[in-house]
Amino acid sequence: ADNFGGEVDRMVVDEVENVDGVRRIFFTKDQPGVDGSPYPGTLEGSRGSALDHIGWDVPDVAAKLAELEANGVEIVSKPLKSGDLFTFAFVRDPWGTVIELTDIVKDGQFSHVHVVSDDPERTINWYARYFGGEVAHPMDVPTLWAIQYGPVVLVASKSPAKLAPTMHRSADHLGWSFSDLDAAVERMKAGGVKVVRDVFKFGVTNIAFVESPEGVLIECIQIPIAYPEEVTE
């Protein structure tokens with residue numbers, strides 16, 4: 001919140017940052033995984049996992065990078081140009097999550113999550129099949145695949161490296177909300193999706209966890225008010 005804005009709140013025992021309706025929830029690192037697996041003893045960052053980084057769109061990448069550097073934030077790369085399309089740079093938070101800065105929209109908002117795989121077209125179509133949305137190429141870049149979910153874009157690109165699952169990493173999981181979670185999970189089961197934890201009650205909320213073929217842990221929730229299906233974490 002100090003470096004990227006938003007309102008800090010508490011949800012049960014976990015800290016929450018809310019920007020433009022998108023919630024980032026922060027858990028303690030040493031808790032068990034959602035499958036009951038113990039904390040491995042080391043908190044690895046996002047890079048090297050199937051969820052490579054998250055992103056903010058800022059009015060001026062160089063100016064934001066200078067501000068973050070002055071605040072002691074680790075700089076991963078200086079500003080780079082993607083042709084004439086946009087400028088981008090990368091920083092890393094203290095827990096290892098890589099954050100991309102871009103100036104595509106220049107609105108200063110949380111903009112995207114970026115997953116990687118050996119076949120990004122297959123990956124993005126998997127998300128479209130189970131979480132909806134229209135597949136597109138951002139800015140007509142053929143190597144990038146994406147789906148817009150509310151204010152957030154899910155981007156997929158190619159990585160030849162062997163990727164680690166996201167559970168127990170600094171960026172542990174993504175999340176979508178559903179109006180009928182039982183039906184959504186049954187449809188995923190029928191399609192062969194790995195269910196890490198079947199539907200359970202958490203207060204008044206129904207929750208389940210599934211995993212993408214590349215190892216991205218995904219929380220699926222249903223809360224007792226009408227929510228669109230959108231990225232929620």
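FYI, the numbering just counts along the sequence from 1. In what follows, every heavy atom counts, from backbone to side chain, and hydrogens, waters and symmetry copies are set aside.
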Does one hydrophobic cluster hold both [X] and [Y], with members joined at side-chain heavy-atom distances below 4.5 Å?
X    : Y    : value
I104 : F110 : no
F202 : L217 : yes
F131 : V195 : yes
L101 : V76  : no
V105 : L85  : yes

Got [X] and [Y] here, is their nearest side-chain heavy-atom distance under 4.5 Å?
X    : Y    : result
Y39  : Q31  : no
E44  : S170 : no
F86  : M139 : yes
T87  : L80  : no
M188 : C220 : yes
F27  : K29  : no
V204 : I223 : no
K64  : F4   : yes

Taking all atoms of both residues into account, what is the closest heavy-atom pair of [X] and [Y], and its distance?
X    : Y    : value
I147 : G132 : CG2-O, 3.7 Å
W95  : D93  : N-OD1, 2.8 Å
A156 : I124 : CB-CD1, 4.0 Å
H137 : L144 : ND1-O, 2.8 Å
L163 : S159 : CD2-OG, 3.9 Å
E211 : W126 : O-CZ2, 4.0 Å

What distance do [X] atom [atom1] and [Y] atom [atom2] have between them, rounded to the nearest 0.5 Å?
X    : Y    : atom1 : atom2 : value
Y127 : Y149 : OH    : OH    : 8.5 Å
R169 : T42  : CZ    : OG1   : 10.5 Å
L68  : I99  : CG    : CD1   : 8.0 Å
T205 : F200 : OG1   : CZ    : 9.5 Å
D198 : L181 : CG    : CG    : 9.0 Å
F88  : D57  : CZ    : CG    : 13.5 Å

**Study point:** side chain to side chain contact (heavy atoms under 4.5 Å, CB included) assessment of T102 paired with V58
**Key:** CA-CA 6 Å; T102 63; V58 298; over 6 Å; no
Exercise for review: Step by step, work out the salt bridge (charged side-chain N to carboxylate O under 4.0 Å, His left out) result for E69 and K78.
Suggested key: CA-CA 11 Å; E69 189 169 25; K78 294 294 186 180; 3.5 Å; yes
Practice item. Check whether more than 12 heavy atoms from other residues, nucleotides or ligands sit under 6.0 Å from atom NZ of K201, and answer yes or no. Key: yes
Check your understanding: Is the NZ atom of K194 crowded by more than 12 outside heavy atoms at less than 6.0 Å?
Key -> no
Exercise for review: Scan side-chain atoms only and decide if N71 and D2 contain a donor-acceptor pair under the 3.5 Å cut-off.
Suggested key: no
Check your understanding: Does Y130 have its ring centroid less than 6.0 Å away from the ring centroid of W176?
Key -> no
Donor-acceptor pair, distance only, cut-off 3.5 Å: does the side chain of [X] make one with the backbone of [Y]?
X    : Y    : answer
S212 : V216 : yes
Q222 : N206 : no
S117 : D119 : yes
H112 : V152 : no
S157 : V116 : no
K106 : D103 : yes

**Study point:** salt_bridge(K158, E121) N-O dist < 4.0 Å
**Key:** no
Exercise for review: Using the side chain to side chain contact (heavy atoms under 4.5 Å, CB included) rule, take V115 and L154 through it: C-alpha gap first, then chi angles, then the decisive distance, then the call.
Suggested key: CA-CA 8 Å; V115 300; L154 175 73; 4.0 Å; yes
Sequence neighbours excluded and cut-off under 3.5 Å, please list the side-chain donor-acceptor pairs for residues 45-53, or say none.
from: S46; atom 1: OG; to: D52; atom 2: O; distance (Å): 2.8
from: S46; atom 1: OG; to: V98; atom 2: N; distance (Å): 2.9
from: R47; atom 1: NE; to: D52; atom 2: OD1; distance (Å): 3.2
from: R47; atom 1: NE; to: D52; atom 2: OD2; distance (Å): 3.4
from: R47; atom 1: NH2; to: D52; atom 2: OD2; distance (Å): 2.8
from: S49; atom 1: OG; to: S46; atom 2: O; distance (Å): 2.7
from: S49; atom 1: OG; to: L51; atom 2: N; distance (Å): 3.2
from: S49; atom 1: OG; to: L51; atom 2: O; distance (Å): 3.0
from: H53; atom 1: NE2; to: E100; atom 2: OE1; distance (Å): 3.0
from: H53; atom 1: NE2; to: H114; atom 2: ND1; distance (Å): 3.4

Exercise for review: Establish, for the pair R92 and F90, whether the NZ or CZ atom is under 6.0 angstrom from the six-membered ring centre and no further than 45 degrees off its axis.
Suggested key: no
Exercise for review: Report the C-alpha distance between E214 and T123 in whole Å, list the side-chain angles of each, state the deciding distance to 0.1 Å, and finish with yes or no for side chain to side chain donor-acceptor pair (under 3.5 Å).
Suggested key: CA-CA 8 Å; E214 296 75 36; T123 295; 3.0 Å; yes
Exercise for review: Could you go through the side chain to side chain contact (heavy atoms under 4.5 Å, CB included) check for V113 and V155 one step at a time?
Suggested key: CA-CA 6 Å; V113 293; V155 181; over 6 Å; no
Exercise for review: Quick one: do I207 and V199 satisfy side chain to side chain contact (heavy atoms under 4.5 Å, CB included)? Show the steps, please.
Suggested key: CA-CA 5 Å; I207 301 175; V199 180; over 6 Å; no
